[in-house]
There are 2 protein chains.
Amino acid sequence: MANNIDLDKETLFIVSQTFKALGDPTRIRILHLLSKKECSVGEIVEHLSLGQSTVSHQLRFLKNLRLVKSRREGTSIYYSPEDDHIMDILEKTIEHSNHD
Amino acid sequence: MANNIDLDKETLFIVSQTFKALGDPTRIRILHLLSKKECSVGEIVEHLSLGQSTVSHQLRFLKNLRLVKSRREGTSIYYSPEDDHIMDILEKTIEHSNHD
DNA sequence: TGATAATATGAACATATACTCATATACGGT
DNA sequence: ACCGTATATGAGTATATGTTCATATTATCA
């Protein structure tokens, strides 16, 4: 049928990719941490007790979707949120889940 | 370290499950359709050209998370959204992705 | 330039996910 | 009670995903 009620392929792809990014505990923890303060990879590793490689992989994932951005400072690379809309959704949903 | 900046296990589970639900194209299409109008399983199958079993499985998934609810009418079962907050997030993100 | 620290990358592996097929269940009409 | 229609369920399968390990890259400093 493929009528007007359905969503187009591209919208579907973008939206699903975006939510998929928020659908993993590790990425949620990273984003939530970054919402509090800009962090280097090493700081994320320490704060969340994760493997360096794990964090690096997930940051690349998030950066590809433009959910985070990075800047270099010496040998360290600092990450921070880039998409206000998505961060807002994440934080609101965390709050929402807390008073149930 | 496990400090105050990190999220507790339960919150993490609920939030990730919720976003995981929105991270699949099929479920997005179903939820978006239901946001327009209450539908029976058969109507969803027709509108979205999906397999009956696929739709049924996904509806169970969504119902477990209390994202949709159902009512019986004869042999048909009609589904509709149950979580306003999540539906709002979905619709807003769809809009957000459209004017980029 | 060599050594060290911080981060990124690729391959391998284990698990999770979504679909399909076949079958079961539930209801209404006859 | 039997049949047809609508929906649900379980097993099997193929693909996607997340982590780990080993190694590569990049930058700083002596």
Side-chain angles (χ1 to χ4, degrees), chain A residues 6-7 9 12-34 37-80, chain B residues 6-7 9 12-34 37-80:
Chain A
D6 202 2
L7 293 163
K9 211 171 182 176
L12 216 44
F13 181 75
I14 296 173
V15 174
S16 65
Q17 282 297 112
T18 303
F19 283 124
K20 220 168 272 185
L22 301 180
D24 175 70
T26 301
R27 288 190 291 269
I28 293 174
R29 293 172 75 202
I30 292 174
L31 286 173
H32 185 247
L33 174 58
L34 295 181
K37 74 180 202 35
E38 187 194 44
C39 285
S40 69
V41 178
E43 287 172 337
I44 298 173
V45 167
E46 277 182 37
H47 277 113
L48 305 182
S49 305
L50 292 167
Q52 180 269 322
S53 181
T54 296
V55 172
S56 195
H57 279 299
Q58 298 296 9
L59 285 171
R60 181 169 60 161
F61 184 106
L62 294 171
K63 199 176 177 184
N64 282 339
L65 288 174
R66 300 188 189 280
L67 262 43
V68 301
K69 63 188 173 194
S70 63
R71 68 178 178 85
R72 180 178 280 280
E73 193 176 306
T75 61
S76 294
I77 297 183
Y78 283 83
Y79 285 84
S80 55
Chain B
D6 202 1
L7 294 162
K9 212 172 184 178
L12 215 45
F13 181 75
I14 295 174
V15 174
S16 65
Q17 282 295 112
T18 302
F19 284 125
K20 222 169 268 185
L22 301 180
D24 175 70
T26 301
R27 287 191 291 268
I28 292 175
R29 293 172 74 204
I30 292 174
L31 286 173
H32 185 247
L33 174 58
L34 295 181
K37 73 179 200 39
E38 186 193 44
C39 286
S40 70
V41 178
E43 288 172 336
I44 298 172
V45 167
E46 278 182 35
H47 276 113
L48 305 182
S49 306
L50 292 168
Q52 179 268 320
S53 183
T54 297
V55 172
S56 196
H57 278 299
Q58 299 296 10
L59 285 171
R60 182 169 59 161
F61 184 105
L62 294 171
K63 199 177 177 185
N64 282 339
L65 288 174
R66 300 189 187 279
L67 263 44
V68 302
K69 62 188 172 195
S70 63
R71 67 178 178 86
R72 180 177 280 280
E73 192 175 308
T75 60
S76 294
I77 297 183
Y78 284 83
Y79 284 85
S80 55

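Within every chain, numbering begins at 1; the chains are lettered A, B, ... in the order of the sequence lines, protein sequences first and strands thereafter. The shown structure was predicted, so the numbers you read here are calculated from the model rather than taken from an experiment.
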Residue pairs, two or more places apart or on separate chains, that pass side-chain hydrogen bond (donor to acceptor under 3.5 Å, both in side chains) and touch residues 61-72 of chain A: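 Every side-chain hydrogen bond (donor to acceptor under 3.5 Å, both in side chains) pair that includes a residue of residues 61-72 of chain A, provided the two are not neighbours, is A:E38-A:R71, A:K63-A:S70, A:R71-A:E73.
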Qualifying side-chain hydrogen bond (donor to acceptor under 3.5 Å, both in side chains) pairs, either residue in residues 13-24 of chain B, two or more places apart: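 Every candidate side-chain hydrogen bond (donor to acceptor under 3.5 Å, both in side chains) pair involving residues 13-24 of chain B fails, so no pair, neighbours aside, qualifies.
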Below 4.0 Å: OP1/OP2 of C:dA8 and any side-chain N or O of A:Y79: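 Yes, such a contact exists.
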N/O (side chain, B:R27) to phosphate O (OP1/OP2, C:dA18) under 4.0 Å: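 Result: yes.
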Rounded to whole angstrom units, what separation is found between the [atom1] atom of [X] and the [atom2] atom of [N]?
X	N	atom1	atom2	answer
A:R60	C:dA6	CZ	C1'	17 Å
A:F61	C:dT7	CZ	C1'	19 Å
B:R71	C:dC27	CZ	C1'	15 Å
A:L12	C:dA18	CG	C1'	14 Å
B:L50	C:dA18	CG	P	13 Å
B:R29	C:dA18	CZ	P	15 Å
A:K63	C:dT7	NZ	P	13 Å
A:E73	C:dA6	CD	P	13 Å

Under the salt bridge (Lys or Arg N to Asp or Glu O under 4.0 Å) test, residues paired with B:R27 that sit two or more places apart: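 Residues passing salt bridge (Lys or Arg N to Asp or Glu O under 4.0 Å) with B:R27: none at all.
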Residues forming a salt bridge (Lys or Arg N to Asp or Glu O under 4.0 Å) with B:K37, sequence neighbours excluded: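 Once residues adjacent in sequence are excluded, the partners of B:K37 under the salt bridge (Lys or Arg N to Asp or Glu O under 4.0 Å) criterion are B:E43.
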Rounded distance (nearest 0.5 Å) linking atom CD of A:Q58 with atom CD1 of A:I28: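 Between atom CD of A:Q58 and atom CD1 of A:I28 there are 11.0 Å.
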Member of B:V55, B:T54, B:L31, B:L48 meeting the side-chain contact (heavy atoms from CB on, under 4.5 Å) criterion with B:T26: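 Going through the options one by one, the only one that passes is B:T54.
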A:Q58 vs A:R72, nearer the 5' end of DNA chain D by closest nucleotide: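 The 5'-side residue here is A:Q58.
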Using atom names, set out every protein N or O paired with an N or O of nucleotides 21-23 of chain C below 3.5 Å, distance rounded to 0.1 Å.
| unit_1 | atom_1 | unit_2 | atom_2 | d |
| --- | --- | --- | --- | --- |
| C:dC21 | N4 | B:S53 | OG | 2.6 |

Check: B:D6 and A:H47 side chains under 4.5 Å, non-hydrogen atoms: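 They are not in contact (no side-chain heavy atoms under 4.5 Å apart), so the answer is no.
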Validation row: A:V15, A:L7 side chains within 4.5 angstrom (heavy atoms):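 Heavy-atom side-chain distance check fails, nothing below 4.5 Å.
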Sugar-phosphate only, base, or nothing, as touched by B:S76 at under 4.0 Å among non-hydrogen atoms: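 Touches sugar-phosphate only.
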Nucleotides bounding contact with chain A, strand DNA chain D, heavy-atom threshold 4.0 Å: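 Reading along DNA chain D, I get D:dT17 to D:dT28.
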Atom of B:A21, atom of B:L67 and distance for their closest heavy-atom approach: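 Heavy atoms only, the tightest pair is CB-CD2, 3.8 Å.
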